[in-house]
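Each chain gets a letter, A, B and so on, in the order its sequence line appears, and its residues count up from 1. The figures that follow rest on heavy atoms only: side chains count, while hydrogens, waters and symmetry mates do not.
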Amino acid sequence: MTSSPSIDTAPSFSPDGRQIVFESDRSGSQQIYTMPVAGDAPKRISFGNGRYATPVWSPRGDLIAFTKQGNGRFSIGVMRTDGSEERLLSASFLDEGPTWSPNGRVIMFARETQGPKGAPSLYSVDITGRNLSPLNLGSPASDPSWGPVQP
Amino acid sequence: MRLIHLAFVPFLALAACTNPEGGFNGGLLGDSSSWDDPAANAEDQSDPTSQAFFEKKIGNRVLFDVDEFILNSSAKAGLDEQARWLIDNPQYVIIIEGHADEQGTREYNLALGFRRAQSAQEYLVARGVSGLRLKTRSYGKERPLEICSAERCYAKNRRSVTLLTGGLS
């Protein structure tokens, strides 16, 4: 769907399957773009300071979760699908890879601690920014992917 | 992208159980050559046509600036040396690995590592190495050479590595 010398990666479908959201550094830094699956030019929706990566469309269709990088810190955040009302929900040395709960109200992501003993673990947070808490798995874990509700 | 994520799970599991230090990252360090092929490391460096000679005496790594895939002058100088040796030793097939430091998301760093490997590949071809001998792959930030969360480690991890594999038969 895209063809350019830039890094275009981390695509995610909207729940109706008619649009994708992805990250691209075509502007010179990593930003978030949406585009219709049927074609047409990508539209940039992120304009804040820092770099935006790994956007994921909410199963409800109302929000896009993303990883944001700036000043040596990483955050998980959400914004409306037009890029407005950006909110950051977490911040640490390295947070990345958000995934949505099926009801579109909780986000899980991986947090990695720094240094030689650094390890990733999973955290969840409500889209209000409350209830940030680790998932106690007893071992390192990364790349969470929250499945749909079972029929 | 999810497929790529899943592909890394076995690597992570391996890292978790092979590290005697108890840290998460220690079990899977460095370039492929250092753990895929111990025989190559034991090889005699005094043979100027050997893999060991290429790795230790010529130097098979070049380093990149932060978030950059364009070759700097020292990277070009390193690749000039590599190209001369590779042209003189046409029996090897070459894989160029691209790597990134941990500053950045997994997906972005996979792409950045790929770009770094491509930069090195294009430069070697421009210096006369046959493109038919060259392949690239990217590990993104998954295989750091040095583990610490500071620039002294990051600088070593932003690299491309020129690996020699079995000869053209």
Side-chain angles (χ1 to χ4, degrees), chain A residues 4-13 20-25 28-32 50-56 66-76 92-99 109-110 112-121 137-147, chain B residues 1-29 66-70 98 100-116 118-119 122 138 140-142 144-154:
Chain A
S4 73
S6 58
I7 291 179
D8 295 350
T9 188
S12 166
F13 273 111
I20 60 164
V21 61
F22 65 99
E23 66 168 89
S24 173
D25 67 352
S29 73
Q30 285 169 274
Q31 300 291 340
I32 296 176
R51 297 160 63 159
Y52 294 80
T54 57
V56 188
F66 55 86
T67 305
K68 187 171 182 178
Q69 183 184 358
N71 300 321
R73 306 274 287 172
F74 283 74
S75 294
I76 301 298
S92 86
F93 169 71
L94 209 180
D95 289 349
E96 69 170 311
T99 181
F109 61 93
E112 186 152 348
T113 50
Q114 60 182 308
K117 303 271 183 179
S121 55
L137 298 173
S139 67
S142 67
D143 304 278
S145 177
W146 205 320
Chain B
M1 282 325 290
R2 289 296 157 205
L3 282 177
I4 288 180
H5 285 180
L6 290 173
F8 281 108
V9 169
F11 285 109
L12 296 173
L14 179 70
C17 52
T18 52
N19 177 14
E21 300 294 316
F24 181 66
N25 288 314
L28 192 67
L29 278 179
V66 176
D67 195 25
E68 190 55 80
F69 61 93
I70 294 169
D101 66 32
E102 70 181 0
Q103 307 172 91
T105 54
R106 177 169 291 172
E107 290 84 351
Y108 181 82
N109 279 329
L110 274 174
L112 182 60
F114 182 64
R115 280 177 161 186
R116 286 175 174 160
Q118 270 188 321
S119 291
E122 286 164 10
S138 173
K141 62 176 175 177
E142 310 301 328
L145 199 60
E146 298 281 339
I147 293 191
C148 71
S149 299
E151 174 55 25
R152 67 187 161 83
C153 294
Y154 295 163

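Considering A:R51, A:Q69, A:E23 in turn, A:E23 is the only one that fulfils the side-chain contact (heavy atoms from CB on, under 4.5 Å) rule with B:T105.
To the nearest 0.5 Å, atoms CZ (B:F114) and OG1 (A:T9) are separated by 12.0 Å. Note that the CD atom of A:Q30 and the CG atom of B:L112 stand 9.0 Å from one another [nearest 0.5 Å]. The CD1 atom of A:I7 lies 4.0 Å from the CZ atom of B:R115; values are rounded to the nearest 0.5 Å.
The shortest distance between side-chain heavy atoms of A:D25 and B:Y108 falls below 4.5 Å.
Between B:S149 and A:G115, the shortest heavy-atom contact is OG-N, 2.8 Å. Considering every non-hydrogen atom in both B:G104 and A:F74, the closest pair reads N-CZ, 3.4 Å.
Under the 4.0 Å criterion applied to side-chain N and carboxylate O atoms, A:E112 and B:R106 are not assigned as salt-bridge partners.
No side-chain donor-acceptor contact under 3.5 Å links B:E107 to the backbone of A:T54.
Both the backbone and the side chain of A:Q114 come within less than 4.5 Å of a heavy atom of chain B.
Looking at residues two or more places apart in sequence or on another chain, you find no side chain to side chain donor-acceptor pair (under 3.5 Å) involving B:N109.
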